[in-house]
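Written below as structure tokens is the structure these notes are about.
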2 protein chains.
Amino acid sequence: MRLEGKGAEEGLASAERAARALREAILSGRLPPGAALREAALAAEIAVSRNTFREALRQLAAEGLVVQQLYKGATVRTVSAEDVRDIYIVRRALEQRAVEESALAPEEKFTALDQAAALVEKETGRADWRAAGTASLRFHQALVDLLGSRKINGFFHGVLAQLRLAFAAAPDEAGFQAPWAERDREIYDLLRAGRRTEASLRLSAYLAESERAVLDAVRGAARRSG
Amino acid sequence: MRLEGKGAEEGLASAERAARALREAILSGRLPPGAALREAALAAEIAVSRNTFREALRQLAAEGLVVQQLYKGATVRTVSAEDVRDIYIVRRALEQRAVEESALAPEEKFTALDQAAALVEKETGRADWRAAGTASLRFHQALVDLLGSRKINGFFHGVLAQLRLAFAAAPDEAGFQAPWAERDREIYDLLRAGRRTEASLRLSAYLAESERAVLDAVRGAARRSG
DNA sequence: CTCTCGGGATCGTTCAACAAAATGGACGGC
DNA sequence: GCCGTCCATTTTGTTGAACGATCCCGAGAG
């Protein structure tokens, strides 16, 4: 019987806790892209030793959220226009594949997809655009999950995390309040009805428009800061 | 067993050198799946401190080559039958997508693909099945590279590394000397001729057969050691 | 044979120290 | 005023030792 009562963080190595804390700080925008991650200060903040913090840094670097340069330290990854294009190559590849193969997916994955779409609608309804954006990404994560691959899910999760990084760089940019809810719901309905070709076309249009919006936002942020 | 490297490793953090040395030792089969990675011993062998070695371990764990369990240490990842099925879901998704989108790929990617196919033929010609297997994986890596995505390339590289892990567990198994060279060359020729539908069918058959062979091998290895 | 109970062995983590390199600012030349 | 140089300071990369926590394994009790 263990006495440590720190919720879901028990039984975790403190290096893992440090990685989570850092990941959370980055994805919440508290540590924006480009921010220097000074070991001494941040390690003290998370209450771990510098060595342990460095283990967490290595892990986040391997995940692509952090960039390490020898003797220059670690910084939060900045998302370039080229990165955005790459991200959308991935999205097109995996989401389109998921649509094509959706006939093989088990029923429960569709209900999960339905619930994700409902959440997007709910957050959109209360005009919480940030939450709606997150919910929409979760919908697309659920879409890719139709493929039923752990590895693809993990990979796609990391890629969407980088996309959120791009959002953090340029929040509330024009075009970001696009009608996600209707688009996602529409794609879901077409999928459920087995109209995969139409779903694929709809998804293709959605991704193209989304990519353009994110690219504009990233370019705007680069212009502002460079 | 010496894990030390020498060549072009200047300007690299020694944690990175340690990660490379360990990765190489794992992928070469010198540290087989399931092997315990004792920190003190291996750190001494690579001539780095235990702390530095632990950074390397974290990195390899994030890459999926190593599994860490609290207070039980790190082991080389073992590849289960389910892992193999997952790997082939990834291969089908990415390689098929690459074939479908191949019309958009620039010319130089096709010449790289051609050269990769030639290398498979060369190694097959000298009956070096191990080298031929590696070359064939490189051909399929080049195939996925038609998509032109850094992220997908990196992801796929890691997945194929795990597949090599499965080979390491069960080398020279029946079905592994399958006619890779002809298959790969055939797919390349169909692609170059723009006959994408036929290439897709050929690839599909190839992957199905390959998956079955690897699954049999992994199950055989599990039976031997379980 | 199974269960319990040590006694290593190994892991997870911290700390202090140091070399190497980057950083930033004072200084002087133009 | 502008520019490059030099040097003190900071930060990183790495090490070695230490120590509690936990696992592993074998000896002995039942």
Side-chain angles (χ1 to χ4, degrees), chain A residues 1-23 25-26 31-32 34-62 65-78, chain B residues 1 3-6 8-23 25-26 31-32 34-62 65-78 225-226:
Chain A
M1 170 70 77
R2 198 171 284 138
L3 295 184
E4 309 163 1
K6 277 261 186 136
E9 292 185 349
E10 98 181 47
L12 278 184
S14 68
E16 183 61 36
R17 286 192 313 120
R20 287 195 186 199
L22 193 50
R23 203 184 288 121
I26 291 172
L31 290 172
L37 304 173
R38 267 178 235 99
E39 298 176 359
L42 287 176
E45 217 164 292
I46 311 181
V48 298
S49 77
R50 201 156 74 88
N51 277 331
T52 298
F53 183 74
R54 275 170 69 66
E55 283 189 29
L57 275 184
R58 274 269 157 209
Q59 186 172 335
L60 290 232
L65 284 182
V66 156
V67 182
Q68 286 178 309
Q69 288 182 89
L70 192 62
Y71 293 115
K72 294 178 104 187
T75 57
V76 179
R77 174 181 199 132
T78 60
Chain B
M1 167 163 46
L3 299 180
E4 297 168 10
K6 32 204 163 143
E9 295 184 346
E10 313 255 339
L12 277 184
S14 66
E16 183 61 35
R17 286 191 313 121
R20 288 194 186 200
L22 193 49
R23 202 183 291 121
I26 291 172
L31 290 172
L37 304 173
R38 270 177 239 100
E39 298 177 358
L42 288 176
E45 238 165 87
I46 310 181
V48 297
S49 77
R50 198 155 76 88
N51 277 328
T52 298
F53 183 74
R54 274 171 70 66
E55 284 189 29
L57 275 184
R58 277 265 161 213
Q59 185 173 335
L60 290 233
L65 284 181
V66 155
V67 183
Q68 287 178 306
Q69 287 183 89
L70 193 61
Y71 293 116
K72 295 176 109 186
T75 57
V76 179
R77 176 186 197 125
T78 60
S225 69

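Everything quoted here is computed from the prediction, not taken from an experiment. Quick note on labels: first sequence line is chain A, next is B, and so on, each numbered from 1.
Under the side-chain contact (heavy atoms from CB on, under 4.5 Å) criterion, A/Ala19 pairs with A/Arg23, A/Ala56, A/Gln59, A/Leu60, sequence neighbours left out. Here B/Arg38 pairs with nothing under the salt bridge (charged side-chain N to carboxylate O under 4.0 Å, His left out) rule; sequence neighbours left out.
Within the 4.5 Å cutoff, the side chain of B/Arg54 has no heavy atoms near those of the A/Arg54 side chain. The shortest distance between side-chain heavy atoms of B/Leu22 and B/Leu65 does not fall below 4.5 Å. Side-chain contact between B/Val66 and B/Ile26: present, with at least one pair of heavy atoms (C-beta onward) separated by less than 4.5 Å.
In this structure, the CG atom of A/Leu37 is 13 Å from the P atom of D/dT11, given to the nearest Å. Between A/Arg38 atom CZ and D/dG13 atom C1' there is a gap of 17 Å when expressed in whole angstrom units. For B/Gln68 and C/dC11, the CD to P distance is 11 Å, given to the nearest whole Å.
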Under 3.5 Å between N/O atoms: give me all the protein pairs with nucleotides 14-20 of chain D, atom names plus distance.
residue	atom	partner	partner atom	Å
D/dT14	OP1	B/Ser14	N	2.0
D/dT14	OP1	B/Ser14	OG	2.7
D/dT14	O5'	B/Ser14	OG	3.0
D/dT14	O4	A/Arg50	NH2	3.2
D/dT15	OP2	B/Ser49	N	2.8
D/dT15	OP2	B/Ser49	OG	3.0
D/dT15	OP2	B/Thr52	OG1	2.6
D/dT15	O4	A/Asn51	ND2	3.3
D/dG16	O6	B/Asn51	ND2	2.5
D/dA18	N6	B/Arg50	NH2	3.4

